[in-house]
There are 2 protein chains.
Amino acid sequence: MIEKLLLKLRLRDELSDSEEAVLRGAMSHTVDHTQGRTFIRSGMELTTSNLLIDGLVCRYKDLADGSRQMLELHVPGDFIDLHSFPLKRLDHNVMALVPSTIGVFPHERLQAITQDEPHLSRLLWLSTLLDASIHREWLLSLGRRSAIQRLAHLFCELYIRLGIVKLTQQTSYRLPLTQSQISELKGLTPVHVNRTLKELREQGIVTFRSDTVSIHDWTRLQAVAEFDPAYLFMEKRPR
Amino acid sequence: MIEKLLLKLRLRDELSDSEEAVLRGAMSHTVDHTQGRTFIRSGMELTTSNLLIDGLVCRYKDLADGSRQMLELHVPGDFIDLHSFPLKRLDHNVMALVPSTIGVFPHERLQAITQDEPHLSRLLWLSTLLDASIHREWLLSLGRRSAIQRLAHLFCELYIRLGIVKLTQQTSYRLPLTQSQISELKGLTPVHVNRTLKELREQGIVTFRSDTVSIHDWTRLQAVAEFDPAYLFMEKRPR
DNA sequence: CGGCTACTTGAGCCCGCTCAACATCAGTGG
DNA sequence: CCACTGATGTTGAGCGGGCTCAAGTAGCCG
């Protein structure tokens, strides 16, 4: 169940067998959520944190005029709301973009980990800081990158993150999102996303169609996006 | 020295005298940085984390064309780069916007805290998650808010955050930034920031002049920004 | 007083938005 | 089997918020 989480953590540091066992024991059960369901709402009192096991999930905030900004896209192996363990509630909503399976980690068990497993605790801390680092890279995108750069960057990031958890083929991966959802991810309108995808396709860089991203020219894709994976901290070292 | 950090932490949870003492003991010394100095660069190997004691500091990333996006503004009492403790390096640069005094926390001492002080560790974890929450609110600003809303929101946020560490007067506070720096904070151009500030001033909402923000109509300022301080988690409770 | 930096304002442009029509496709029911 | 429906994608036309370029002003310091 937590295999993809282990892949993600072991990319960044060693994890002993006993730590792995503690982590497995910290998950109480799984829950399935239907497509489109917002299962965590901003402000709710939370006593568990959730690991995405299978599916696709996003965090988002809405504005009064109905416009929505997605804040992060979560792939299997990501903790969705580990932030709620120290924070006790969230500042945003969480929604399943496709039917998704979630692993539930009660806060008491996480609390026990912080008492007894300092190294494992630091790795959990690390995993929330990867979210923060992704937030910062997205701030750069929304603040300074053009539409074509934003989409190129999104496709680069997901290629790397999905690759870590073995969810890519050679040069493609499944991404079951609508163009409208992509517009909510990157601060654009659906119409402009459509035109920008066409541009990327006609330039022979990347195609997004029938829920699949096919990268035709990774070098140019990276160049357009100014993508540097350093912000994903993919180095194994003592933490 | 760490008084403002204590104000910030005690706003969110109890902190025992012994924990306070541990925290004081974790700081090895202070360093002064001159105005405009970038003292942490992306990718550098880091073995200490820094607390802002006095001054004003920002994190930022640059793009190849020379444009810059600031990611967060730090006020006294904020850890600037506690993220570097689990991450070991940063994904961005850190610069002093005015002459600033920084308290240095060696990572070995923070490591010791994670071994011996689980509750204090969770509070340090919390403080990095407040950064992440601020990042998310800024994502909403950059993705969906108009120029006037972005600036209004910035002035709201800083009024609250500076208030926590007692750096506000009744309805005003010092903010020694140029209009150009404000444009780098909120993904705008200096010219448009100038026009937008004029608009806010002429509407009698807020004035930003000679390094001071004067709020004339807090209710309208909040309304324009759609500001809701929930994302700052200002509730005292066990963490 | 001269030189620098920051602020201010005008004029014109463009990227991305809005509005609208139409195409495509997967259900769904008759 | 086709008609209907609703969601999603595509394309055109025109608009506008924020950008660029440029000139000028204000304030500070040597």
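Letters go in sequence order (proteins before strands), and every chain restarts at 1. Remember, it's a predicted structure, so these values are computed and weren't measured experimentally.
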TODO: On DNA chain C, check which nucleotide each of B:L197 and A:T196 is closest to and give me the residue with the more 5' one.
DONE: B:L197
Task: Taking every non-hydrogen atom, the tightest pair across A:D81 and A:T48 - done: OD2-O, 3.9 Å
Open item on the list: What is the distance, to the nearest angstrom, from the CD atom on B:E199 to the C1' atom on C:dT8?
Closed with: 15 Å
Open item on the list: For A:D54, is there an ion pair with A:K4 - N to carboxylate O distance below 4.0 angstrom?
Closed with: no
Task: Protein-nucleotide distance (B:Q35, atom CD; C:dT5, atom P), rounded to Å - done: 13 Å
Task: Presence of B:Q179 side-chain N/O under 4.0 Å of C:dT5 phosphate oxygens OP1/OP2 - done: no
Task: Between C:dC17 and C:dC13 - C1' atom distance, rounded Å - done: 16 Å
- [ ] Can you tell me the distance, in whole Å, between the CG atom of B:L142 and the P atom of C:dG16?
- [x] 15 Å
Open item on the list: I want to verify a distance call: between C:dC17, C:dT9, D:dG18, whose nearest atom is closest to the B:V191 side chain?
Closed with: C:dT9
- [ ] Could you check whether B:S146 gets within reach of a base, just the sugar-phosphate, or nothing at all, counting any heavy atom under 4.0 Å?
- [x] sugar-phosphate
Task: Whole angstrom value for the distance that separates P of C:dT18 from CG of A:L188 - done: 11 Å
- [ ] Examine the base of C:dG10 for any acceptor or donor lying under 3.5 Å from a partner atom in the side chain of B:R195, and report the outcome as yes or no.
- [x] yes
Open item on the list: Using 30° and 60° as the class boundaries, would you call the ring planes of A:W218 and A:F227 parallel, tilted or perpendicular?
Closed with: perpendicular
TODO: Return the value, rounded to whole Å, for the distance between atom CD of B:Q181 and atom P of C:dT5.
DONE: 14 Å
- [ ] Just call it for B:R209: base, sugar-phosphate, or nothing, with non-hydrogen atoms closer than 4.0 Å on any strand.
- [x] sugar-phosphate
Open item on the list: Is B:N194 close enough to C:dC7 that one of its side-chain N or O atoms is under 4.0 Å from OP1 or OP2 there?
Closed with: no
Open item on the list: Rounded to whole Å, how long is the line connecting atom CZ of A:R201 with atom P of D:dG9?
Closed with: 11 Å
TODO: Write down the distance between CG (B:D211) and P (D:dG27), rounded to a whole number of angstrom.
DONE: 14 Å
Open item on the list: Measure CD/B:E184 against C1'/C:dA6 and give the value in whole Å, please.
Closed with: 14 Å
Task: Side-chain N,O (B:K198) to OP1/OP2 (C:dT9) below 4.0 Å - done: yes
Task: B:E199/B:R195 salt bridge by N-O under 4.0 Å criterion - done: no
Task: Presence of salt bridge, B:E137 and A:K61, under 4.0 angstrom - done: yes
